Structures are given as C-alpha cells and as structure tokens.
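Owing to the predicted nature of the structure, the values given are computational and were not obtained by experimental measurement. The figures that follow rest on heavy atoms only: side chains count, while hydrogens, waters and symmetry mates do not. Just so we're on the same page: letters track the sequence lines, and every chain starts at 1.
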Protein chains: 2
Amino acid sequence: MSVQGFSSRTDRMLDRADAVCLRRGSRLTDLRRQVLGLVLEAGRPVGAYDLLDKLRTGHKTAAPPTVYRALDFLLEEGLVHKVERLSAFVGCLHELCEEDDGCGHDHSGSHTAQFLICSGCGSATEIDDPSIHASLAAAARRAGFKPHKVTVEAEGLCSLCSAATAARPAARAHG
Amino acid sequence: MSVQGFSSRTDRMLDRADAVCLRRGSRLTDLRRQVLGLVLEAGRPVGAYDLLDKLRTGHKTAAPPTVYRALDFLLEEGLVHKVERLSAFVGCLHELCEEDDGCGHDHSGSHTAQFLICSGCGSATEIDDPSIHASLAAAARRAGFKPHKVTVEAEGLCSLCSAATAARPAARAHG
DNA sequence: TCGATGCTGATATAATATAACGATCGGCCA
DNA sequence: TGGCCGATCGTTATATTATATCAGCATCGA
C-alpha cells in the first residue's frame with residue numbers, strides 16, 4: 001500500500017501499471033509503485049535526486065541505489081522514460097493514460113521516446129509521431145543499423161511560452 | 001600552435017574549423033583548437049574527462065572547466081556534438097570533413113544532430129536525414145512548438161557488430 | 001590611459017550514477 | 001520439511017559528469 005497519498009488519477013494509472021506488469025510476469029513492488037507514483041504526480045521531468053528527497057518523506061532509509069533501481073525497472077518496462085537532455089524521468093503516458101486507451105501503439109519493449117522539451121516552463125510533452133519513427137527506421141535500415149532504443153528530443157519553446165515571450169521578452173513561465 | 005602532433009587529416013579539419021570561426025567572428029584559440037583536435041583524433045564519442053587526461057599530457061594545469069569551456073564553445077559553433085546517451089562528444093563531420101564539401105547542409109546555428117550509436121563497438125555515426133528532420137519539424141509545428149536544439153539518437157548494433165554477433169554471440173568488437 | 005570584454009587559471013563543490021556486499025523474502029523442488 | 005536459488009532491498013562507499021566562483025591577463029576601442 002502507498003504510504004503517501006497519490007491523487008486518484010495517479011492511483012488509477014498505478015493500477016494500470018500493476019496490470020501491465022502482472023501480464024508480463026514482472027512485479028510492481030511497493031517501492032517501485034511508490035517511485036512511479038512520484039514520477040507521475042510530478043507531471044514533468046523529475047531528477048533522480050528529487051525523487052529521492054520525496055521518497056524519503058515516507059521512507060527514511062532510501063539511498064540513491066534505491067531510486068535508481070526502481071527507475072531501471074520502470075524504464076525496462078517502458079513505464080517511464082528518461083529525458084536524456086535533462087537527466088530526468090517522466091511517466092510514459094501512452095502506457096498509463098486512460099485517455100490514450102485506443103491509440104493503438106504498443107510500446108512494450110520498443111523503448112522509443114520522443115519529447116518536445118520547453119526551456120521556458122520545463123515541460124516535456126511526449127509525442128509519438130509515426131512518421132518520425134518511420135524515417136528513422138528507414139535511415140537505420142539503409143545504414144544496416146539495428147536500432148534497439150531510440151531517443152528523439154527537441155528543446156525549444158512550447159506554444160504558451162513562445163506566446164508569453166513574444167508578449168514580454170523577460171517572461172519565464174506561464175500557468 | 002599545437003603542442004601535440006595531430007594527423008595531417010586532423011590538421012586540415014582544424015584549419016577548416018579555423019576558417020569557419022573567422023568567417024563568424026569567433027576565435028578558435030589554441031586551447032579550443034587543441035580540444036577539437038583531440039575530439040577529432042578520437043574518431044568516436046569521447047568523454048570530457050578523457051579529453052582532460054589527454055589534454056594534460058601537453059598542458060599540465062588543465063582542469064575540468066578548461067575542457068568544458070572549450071567544449072561549450074565548440075558546441076555553440078556546431079563544430080562538435082554531444083551524444084547525450086553517452087555524455088560524450090564527437091566532431092561534427094558535416095562541418096569539417098573535406099569529403100562532405102558539397103553536401104549542401106548548412107549546420108550553422110541549427111544545433112541538430114542525429115546519431116546511430118553502436119553498443120557493440122562504441123561508434124557513433126552521424127546521419128543527417130532530411131526526412132527525419134522534416135517529420136520532426138512538422139510534428140513540432142503541429143504542436144505549436146518552436147524547436148531550438150534537436151537530438152536524435154538510436155542505440156543499437158551497427159552492421160559490422162550485428163554480423164559479428166550473429167556469427168559468434170559473444171563477440172564484442174570488430175576492426 | 002581607462003574601462004569593457006573575452007579568455008584562461010585555479011580551487012572548490014554540486015549533481016548524477018554505480019559498485020559492492022550483505023540481509024531478507026518467496027518460490028520451488030528433492 | 002529443509003535447503004537452495006533468484007529477486008529485491010538496505011547500506012556504505014565511490015565513480016563520473018558538470019558547474020560555481022573568483023582572480024589574472026590580454027586585447028580592443030573610446
């Protein structure tokens with residue numbers, strides 16, 4: 001059971017994650033569930049040591065390996081992604097979001113992630129554009145390269161920050 | 001002047017880099033030239049502290065900021081790229097390679113990089129696929145996102161390693 | 001000459017990630 | 001039942017990557 005109270009939305013996503021793991025014969029332990037919950041609640045890329053701090057509020061003994069091991073598991077299962085440019089982690093909404101039920105993607109084992117990272121507000125929006133994926137797959141094939149894990153990251157300004165910056169050049173964040 | 005002897009190929013690339021900087025009004029100082037030379041000679045992604053070690057053979061006093069400042073400059077000028085997945089740096093062949101004279105790409109200020117990273121032999125091949133670029137630009141536009149720096153990294157097996165692995169599963173490297 | 005700017009030297013420290021070893025828990029099967 | 005085994009986690013220590021800060025020095029233009 002969770003020591004911390006997560007939002008009901010997060011809890012539903014955790015239950016989905018649980019089901020996914022069950023189906024695959026892997027175990028979403030309390031600790032892993034806790035870490036995944038923290039990542040999901042953050043709603044933005046969050047660093048391992050930030051997670052560690054939060055984890056410690058309900059788990060005094062946690063140390064770096066505690067959170068890194070949990071993250072390794074979650075990455076392996078495709079439940080979270082790492083944003084390389086930020087050395088930070090985000091939940092994979094395509095796996096866990098109820099709104100995305102019918103998107104048809106199967107992320108299991110593909111380990112591919114595409115992000116639009118806003119340097120204004122720090123958000124990272126996961127896109128999963130089939131045409132980017134296809135172009136990359138084609139280029140790899142031409143090179144005789146067999147891709148295993150693929151990272152696509154664009155850093156720039158989201159629409160809100162871009163509008164805000166146009167209005168007042170010193171703007172740092174929106175909502 | 002270089003303290004270390006670089007290959008004549010590297011020297012030619014350094015001269016090109018010098019010309020590029022001159023054209024832009026930036027300065028490829030001895031130190032920066034030295035660091036760029038080390039990156040180019042490596043011929044594969046190389047970590048900042050590896051560079052530091054090499055730099056120290058001819059420059060006893062070098063410290064981390066020495067190499068990071070040089071790398072920041074080189075990144076800004078598009079003369080090297082950072083491979084995020086490896087926290088390592090490679091020369092941008094499209095800027096510096098004589099063979100690529102007529103490729104028509106203008107990388108200046110675009111800060112985009114696409115790599116095929118082989119986990120077998122540690123090579124990182126820069127591709128610069130226009131269709132990947134176009135797909136990404138289109139996806140960003142649809143999201144109202146203005147990309148500034150773009151990273152595309154596929155980790156997997158290059159053709160040589162893939163062949164070697166098929167032949168003898170324990171293989172680690174080719175040539 | 002003066003100040004502004006850009007580059008480097010040098011020390012210290014922050015931030016991110018892993019190694020290594022032992023303890024515990026559960027399942028599995030002789 | 002008892003013992004083995006693999007998976008998970010606790011704990012300490014350390015490795016790796018990156019930045020902050022301040023001082024010195026050169027260059028350039030006013």
Distances under 3.5 Å between protein N/O atoms and the N/O atoms of nucleotides 18-24 of chain D, please, pair by pair.
unit_1: D:dA18; atom_1: OP1; unit_2: B:Lys82; atom_2: NZ; d: 2.5
unit_1: D:dA18; atom_1: OP2; unit_2: B:Tyr68; atom_2: OH; d: 2.9
unit_1: D:dA18; atom_1: O5'; unit_2: B:Tyr68; atom_2: OH; d: 3.4
unit_1: D:dA18; atom_1: N7; unit_2: B:Tyr49; atom_2: OH; d: 2.5
unit_1: D:dA18; atom_1: N6; unit_2: B:Tyr49; atom_2: OH; d: 3.1

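- Applying the side-chain hydrogen bond (donor to acceptor under 3.5 Å, both in side chains) test to A:Ser7 and every residue at least two apart in sequence or in another chain returns A:Thr10, A:Glu41.
- Put simply, CZ on B:Arg56 is 17 Å from P on C:dT8, counting in whole angstrom units.
- For residues 136-145 of chain A, every residue pair satisfying the salt bridge (charged side-chain N to carboxylate O under 4.0 Å, His left out) rule, not counting sequence neighbours, is listed here: A:Arg142-B:Asp129.
- Comparing the helix axis at one end of the helix from C:dT1-D:dA30 to C:dA30-D:dT1 with that at the other, each defined from 5 consecutive pairs, gives an inter-axis angle of 20° (nearest 10°).
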For nucleotides 5-7 of chain C, print each protein N/O atom paired with a nucleotide N/O atom at under 3.5 Å, atom names and distance only.
unit_1: C:dC7; atom_1: OP1; unit_2: B:Arg32; atom_2: NH1; d: 3.3
unit_1: C:dC7; atom_1: O5'; unit_2: B:Arg32; atom_2: NH2; d: 3.4

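- The CZ atom of A:Arg33 sits 17 Å away from the P atom of D:dT8 (whole-angstrom rounding).
- Between A:Leu75 atom CG and C:dT18 atom C1' the separation is 15 Å, expressed in whole Å.
- The side chain of A:Thr61 places an N or O atom within less than 4.0 Å of a non-bridging phosphate oxygen (OP1 or OP2) of D:dT11.
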List, one per line, each side-chain donor-acceptor pair under 3.5 Å for residues 85-93 of chain A, sequence neighbours excluded.
unit_1: A:Arg85; atom_1: NE; unit_2: A:Glu155; atom_2: OE1; d: 2.7
unit_1: A:Arg85; atom_1: NH1; unit_2: B:Thr151; atom_2: OG1; d: 2.5
unit_1: A:Arg85; atom_1: NH2; unit_2: A:Glu155; atom_2: OE1; d: 3.3

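- Side-chain heavy atoms closer than 4.5 Å link hydrophobic residues (I, L, V, M, F, W, Y) into clusters, and following such links, possibly through other members, connects A:Met13 to A:Leu38.
- Legend: residues meeting side chain to side chain contact (heavy atoms under 4.5 Å, CB included) with A:Thr29, ordered by chain and number and at least two apart, are A:Arg27, A:Leu31, A:Arg32.
- With sequence neighbours excluded, no residue forms a side-chain hydrogen bond (donor to acceptor under 3.5 Å, both in side chains) with A:Thr66.
- Every residue two or more places apart in sequence or in another chain that forms a ring pair (Phe, Tyr, Trp, His ring centres under 6.0 Å) with B:Phe115 is listed here: B:His81.
- When rounded to the nearest whole Å, the span between CG of B:Leu71 and C1' of D:dT16 equals 15 Å.
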Taking only distance into account, with no hydrogens and no angle test, what donor-acceptor pairs under 3.5 Å do side-chain atoms of residues 42-53 of chain B form with protein atoms, sequence neighbours excluded?
unit_1: B:Arg44; atom_1: NH1; unit_2: B:Cys121; atom_2: O; d: 2.9
unit_1: B:Arg44; atom_1: NH2; unit_2: B:Cys121; atom_2: O; d: 3.4

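- Between the C1' atom of D:dT11 and the CG atom of A:Leu52 lies a distance of 13 Å, rounded to the nearest Å.
- Here B:Ala143 pairs with A:Leu116, B:Phe145 under the side chain to side chain contact (heavy atoms under 4.5 Å, CB included) rule; sequence neighbours left out.
- Contact check for A:Lys149 versus B:Glu153: no side-chain heavy atoms found under the 4.5 Å cut-off.
- Look at CD on B:Gln34: it is 12 Å from P on C:dG9, rounded to the nearest Å.
- Between B:His59 and C:dT8, a side-chain N or O to OP1/OP2 separation shorter than 4.0 Å is absent.
- A search for salt bridge (charged side-chain N to carboxylate O under 4.0 Å, His left out) contacts involving B:Asp72 returns nothing, not counting sequence neighbours.
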